[in-house]
Enquirer: 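Shown below is the structure under consideration.
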Amino acid sequence: MLKKMMTNLREKTPLVHNITNYVTVNDCANMVLATGGAPLMADDAKEVEEIVAISSALYLNIGTLNTRTVESMLLAGKKANALGKPIVLDPVGVGASTLRNETAGRLLEHFKIAVIKGNSSEIRALYNNAKTTSGVDVQEEDMITDDTLNSSITFAKKAALKFGSIVVITGSLDIITDGKKVALCRNGHTLMARITGTGCMLGSMIATYCGGQPDEVFESTVHAIVHMSFAGEKAAAKVLEREEGTGHFRMYLIDEVSLMTEDQLEEGVRVEYFEE
């Protein structure tokens with residue numbers, strides 16, 4: 001399955017429409033390219049419907065939200081649903097402000113969202129429609145550990161059923177579920193949290209995989225996560241071996257995603273599957 005997913009994606013080169021935040025927009029574009037897709041970053045209301053029409057998937061990231069992009073996200077979401085194209089929602093910092101909560105709520109209320117990806121605090125704020133004080137970082141009490149794993153999986157499944165979406169909770173362990181099936185990814189490295197943008201890059205990557213295989217959203221999401229996480233491990237190994245810093249890690253991360261082969265990924269992946 002891993003080989004099939006990666007080969008299909010790189011043969012199709014899906015065009016991914018990104019309405020994302022300006023902190024990491026360049027990294028997102030480069031990550032789509034490294035994965036095997038083609039990025040298009042368009043957030044003006046006058047053109048988003050046309051861009052959605054020629055794209056394979058839509059990625060919505062509320063990291064630097066403003067009233068102009070809210071309008072664009074609503075127009076793009078409506079068009080994507082009408083055309084049956086997968087939407088990936090990244091509710092960055094939801095819970096930190098009323099604008100973020102209301103916007104994420106509107107997107108979930110009006111549109112079919114294929115995948116929602118966030119850290120544990122973001123998904124909990126989204127689920128409870130509650131404000132928090134954590135900003136974009138996960139709160140310590142929400143972190144996924146082996147001790148909290150079972151309760152975290154139970155919560156993720158409830159969230160997936162409530163939203164009718166694939167829910168991804170990222171952290172030292174990554175949980176992916178549709179409410180019944182669960183995949184647990186144990187790949188990744190702590191250095192991934194030491195640069196800004198790895199979460200946004202992952203969101204773009206999930207959209208790229210889903211755009212390449214829109215009928216296999218769950219498996220596409222799992223494969224995007226293991227591809228990114230295993231590339232993070234390989235990039236960290238280089239940095240540590242060469243005694244380099246986080247700037248090199250960022251560069252190596254994109255390198256490793258682009259250079260990853262099907263065989264390497266199959267050998268390196270550490271994913272467990274559960275199903276009711």
Enquirer: Is the closest side-chain heavy-atom distance between Gln213 and Glu219 below 4.5 Å?
Expert: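 Not touching, per the 4.5 Å side-chain cut-off.
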
Enquirer: Kindly write out the residues that satisfy salt bridge (Lys or Arg N to Asp or Glu O under 4.0 Å) with Asp90, not counting sequence neighbours, or none if the list is empty.
Expert: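 Asp90 satisfies salt bridge (Lys or Arg N to Asp or Glu O under 4.0 Å) with Lys117 once adjacent residues are dropped.
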
Enquirer: For residues 148-168, pull every pair meeting ring pair (Phe, Tyr, Trp, His ring centres under 6.0 Å), keeping only residues two or more places apart or in separate chains.
Expert: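 Every ring pair (Phe, Tyr, Trp, His ring centres under 6.0 Å) pair that includes a residue of residues 148-168, provided the two are not neighbours, is Tyr127-Phe155.
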
Enquirer: So, using side chain to side chain contact (heavy atoms under 4.5 Å, CB included) as the criterion, who are the partners of Thr67 when residues are at least two apart?
Expert: none

Enquirer: According to the interplanar angle, ranging from 0 to 90°, do the rings of His227 and Tyr209 count as parallel (below 30°), tilted (30 to 60°) or perpendicular (above 60°)?
Expert: perpendicular

Enquirer: Sequence neighbours left out, what pairs pass salt bridge (Lys or Arg N to Asp or Glu O under 4.0 Å) with at least one residue falling in residues 54-66?
Expert: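 Sorted result for residues 54-66: empty, none.
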
Enquirer: Applying side chain to side chain contact (heavy atoms under 4.5 Å, CB included), name anything that partners Glu272, two or more places apart in sequence or on another chain.
Expert: Leu184, Arg186, Phe274

Enquirer: Does any pair with a residue in residues 64-89 pass salt bridge (Lys or Arg N to Asp or Glu O under 4.0 Å), and if so which ones, sequence neighbours excluded?
Expert: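 Sorted result for residues 64-89: Asp43-Arg68.
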
Enquirer: Given 3.5 Å as the limit, does a donor-acceptor pair link the side chain of Lys112 with the main chain of Gly84, or not?
Expert: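 Absent.
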
Enquirer: Spell out, yes or no, whether Ile206 and Val269 are grouped together once hydrophobic residues are joined by side-chain heavy atoms under 4.5 Å, including indirect joins.
Expert: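 Yes.
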
Enquirer: Is there a side-chain contact between Val271 and Ile176, using heavy atoms and a 4.5 Å cut-off?
Expert: no

Enquirer: For residues 8-34, which residue pairs pass the salt bridge (Lys or Arg N to Asp or Glu O under 4.0 Å) check, not counting sequence neighbours?
Expert: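 Applying salt bridge (Lys or Arg N to Asp or Glu O under 4.0 Å) to every pair that reaches into residues 8-34, excluding sequence neighbours, yields Asp27-Arg250.
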
Enquirer: Give a yes or no on whether Val70 and Met41 share a hydrophobic cluster (residues Ile, Leu, Val, Met, Phe, Trp, Tyr; joining criterion: side-chain heavy atoms under 4.5 Å apart).
Expert: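 Unlinked, Val70 and Met41 end up in two clusters.
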
Enquirer: Among all residues two or more places apart in sequence or in another chain, which pass the side chain to side chain contact (heavy atoms under 4.5 Å, CB included) test with Leu33?
Expert: Asn30, Pro39

Enquirer: For Ala38, give me all partners under side chain to side chain contact (heavy atoms under 4.5 Å, CB included), at least two apart in sequence or on another chain.
Expert: Thr13, Leu15

Enquirer: Indicate every side-chain donor-acceptor pair of residues 195-204 with a distance under 3.5 Å to a residue at least two apart or in another chain.
Expert:
| residue | atom | partner | partner atom | Å |
| --- | --- | --- | --- | --- |
| Thr198 | OG1 | Met192 | O | 2.9 |
| Ser204 | OG | Asn18 | OD1 | 2.9 |

Enquirer: Side chains of Glu244 and Met251: does their closest heavy-atom pair fall under 4.5 Å?
Expert: no

Enquirer: Main chain of Leu65, side chain of Arg100: is a donor-acceptor contact present, judged purely on distance under 3.5 Å?
Expert: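 The answer is no, because no donor-acceptor pair under 3.5 Å joins these two groups.
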
Enquirer: Which other residues end up in the same hydrophobic cluster as Tyr22, if Ile, Leu, Val, Met, Phe, Trp and Tyr are linked when side-chain heavy atoms come under 4.5 Å apart?
Expert: Val23

Enquirer: Going by side-chain hydrogen bond (donor to acceptor under 3.5 Å, both in side chains), name the residues that satisfy it together with Asn66, two or more places apart in sequence or in a different chain.
Expert: Thr69

Enquirer: Could you verify whether a donor N or O on one side chain and an acceptor N or O on the other, from Arg194 and Thr190, lie under 3.5 Å apart?
Expert: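 No - no donor-acceptor pair under 3.5 Å links their side chains.
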
